[in-house]
Number of protein chains: 6
Amino acid sequence: MPFVSIRITREGNTAEQKAQVIREVTETLQRVLDKAPEKTHIVIEEVDTDNWGYAGETTTELRRKSAGN
Amino acid sequence: MPFVSIRITREGNTAEQKAQVIREVTETLQRVLDKAPEKTHIVIEEVDTDNWGYAGETTTELRRKSAGN
Amino acid sequence: MPFVSIRITREGNTAEQKAQVIREVTETLQRVLDKAPEKTHIVIEEVDTDNWGYAGETTTELRRKSAGN
Amino acid sequence: MPFVSIRITREGNTAEQKAQVIREVTETLQRVLDKAPEKTHIVIEEVDTDNWGYAGETTTELRRKSAGN
Amino acid sequence: MPFVSIRITREGNTAEQKAQVIREVTETLQRVLDKAPEKTHIVIEEVDTDNWGYAGETTTELRRKSAGN
Amino acid sequence: MPFVSIRITREGNTAEQKAQVIREVTETLQRVLDKAPEKTHIVIEEVDTDNWGYAGETTTELRRKSAGN
């Protein structure tokens, strides 16, 4: 009975990519831990770059610096 | 001191329905576990159907198949 | 397709109480939001009082002060 | 290796305020627990007032009553 | 910058199985979404069967009924 | 009405350290976002090193390699 929450930044992830992540993680949990897919729920939570902090800065700021190089 | 997170798909849940869920879950926690309502926080997190996977597929895809029957 | 996480302090909650909370919250989600019980997962996460902070203090400290009154 | 989720109501929090929260919480975890900033992720999850319940009511309703005083 | 939380019931999952789940999910996120492994954190949260409810009952109760068949 | 979840590895964090983190994060939220401490809940969730994956490996394995240098 797994519940998986995947938090990522909201930066152009397509519906196809998200569907593939869901498919593969479900498959991993079934093969490795014997979890039934019909009891496996996976939620992808996309977070604005202003709201994700890493190393003390927002991802918005990190992307700006990185683009400036 | 309860904190409750309720994740559901974003599919037309009304403000009235959400208020009723909040009211009832708060009441359950007070009656069964003796938790004070003024220390009980409940968050409803609505998730796009593209982002909720079940049985290896997105809910968007599951709804499409179900509608096709 | 609801997933519910209920965080409470670990302070002698019995298996019977936890089962009743699970039963009632599942029933609320079914009646108010038309959610199927066989797609409803509820997890109760019990947290040590040293690890739950409220109003800037741990619950351990709050309980000690309250007992001293 | 900390991961911090901060849930607050969505009520006009500015990018500057959110950046400051991220900066300060990262600093606290580094100074008190010796956690490396480059392994510290902080996510701010803003919740609509219709979806945050407190004391059995939505925050929308609480704000309305409070404004009426 | 992904953070993944995987909640499963605590029912004899070995360290090897958990390491394999971590390895595979990290690889999926890198290949499908181009996420750097050194920014990918995955937490496996094991939940006692008394504390995981499904279809309105605890997993403890569901396992007992299933064993009785 | 903030709710903060802080996930860290379980590696000897003392009650004093955890109390200090709770005190400081509550103070940050009050000063920067004007959040009332009596509506601020903070939970510290300590995770076994076998259950925290980083860069595709468990923290147990990472610590072993690091100690071997």
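Residue numbers start from 1 in every chain, and the chains themselves are labelled A, B, ... in the order their sequence lines are given, proteins ahead of strands.
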Practice problem: Under 4.5 Å, counting heavy-atom pairs only, tell me which of E:Val21, E:Val43, E:Val47 racks up the most with chain A. | Solution: E:Val21

Quiz prompt | Non-hydrogen atoms of A:Phe3 and E:Trp52 that approach each other most closely | solution = N-CH2, 3.8 Å

Quiz item: So what's closer than 4.5 Å to chain E heavy atoms on A:Lys35: side chain, backbone, both or neither?
Solution: side chain

Practice problem: Answer with yes or no whether the side chains of A:Asp50 and A:Thr60 bring together a donor and an acceptor at under 3.5 Å. | Solution: yes

Quiz prompt | Region of A:Thr59 that comes under 4.5 Å of a non-hydrogen atom in chain E | solution = side chain

Quiz item: Are a donor atom and an acceptor atom from the side chains of A:Gln30 and A:Thr40 found within less than 3.5 Å of each other?
Solution: no

Quiz prompt | Under 4.5 Å from any heavy atom of chain E - which part of A:Ile44 | solution = neither

Quiz item: Of all of A:Arg31, A:Glu45, A:Lys18, which one pairs up most often with chain E through heavy atoms under 4.5 Å apart?
Solution: A:Arg31

Exercise. Start with the C-alpha distance between A:Glu46 and A:Ile8, add both sets of side-chain angles, then the distance that settles side-chain contact (heavy atoms from CB on, under 4.5 Å), and finish with yes or no.
Key: CA-CA 5 Å; A:Glu46 295 178 279; A:Ile8 51 177; 4.1 Å; yes

Practice problem: Just do the side-chain contact (heavy atoms from CB on, under 4.5 Å) check on A:Met1 and E:Leu62 with the steps written out, would you? | Solution: CA-CA 12 Å; A:Met1 309 203 166; E:Leu62 290 164; 4.1 Å; yes

Quiz prompt | Taking every non-hydrogen atom, the tightest pair across A:Thr49 and A:Arg10 | solution = CG2-O, 4.5 Å

Quiz prompt | Between E:Lys39, E:Glu11, E:Glu16, the one whose heavy-atom pairs under 4.5 Å with chain A are most numerous | solution = E:Lys39

Self-check item: Best-contacting candidate, E:Val25, E:Leu29, E:Leu33, E:Thr14, against chain A by heavy atom pairs under 4.5 angstrom
Solution: E:Leu33

